Visitor: 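Handing you this structure, nothing more for now.
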Amino acid sequence: MTWTKSTYTDSGSCVEWAQLAEGVLVRDSKRPAGARVPLAESSWQGFVDWVCAR
């Protein structure tokens with residue numbers, strides 16, 4: 001699994017995501033062994049669209 005770090009960070013704390021066949025996993029970059037939140041592809045896209053509109 002390949003994790004990708006958000007490019008919208010300036011403090012080193014951000015989210016990372018990994019693409020899966022059935023959606024996306026999201027985790028806190030400061031706690032990579034912590035909780036991972038599974039999202040459907042459509043939910044992930046909605047979140048990305050919301051963040052980019054800010």
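Throughout, residue positions are numbered sequentially from 1 according to the sequence presented. In this text, all values refer to a predicted model and were calculated from it rather than measured experimentally.
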Visitor: Please tabulate, for side-chain N and O atoms in residues 37-44, each donor-acceptor pair with protein atoms closer than 3.5 Å (sequence neighbours left out).
Guide:
from	atom 1	to	atom 2	distance (Å)
Glu41	OE1	Gln19	NE2	3.0

Visitor: So how far is it from Arg36 CZ to Arg27 CZ, rounded to the nearest 0.5 Å?
Guide: 5.5 Å
Visitor: Do the side chain of Ser29 and the main chain of Cys14 share a donor and acceptor less than 3.5 angstrom apart?
Guide: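 It does hold such a pair.
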Visitor: With clusters defined by side-chain heavy atoms of hydrophobic residues (ILVMFWY) lying less than 4.5 Å apart, directly or transitively, does Trp3 cluster with Val15?
Guide: no
Visitor: Locate the shortest heavy-atom distance separating Trp17 from Lys5; write the atom from each residue and the value.
Guide: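 For Trp17 versus Lys5, the nearest heavy atoms are CZ3-C, 3.9 Å.
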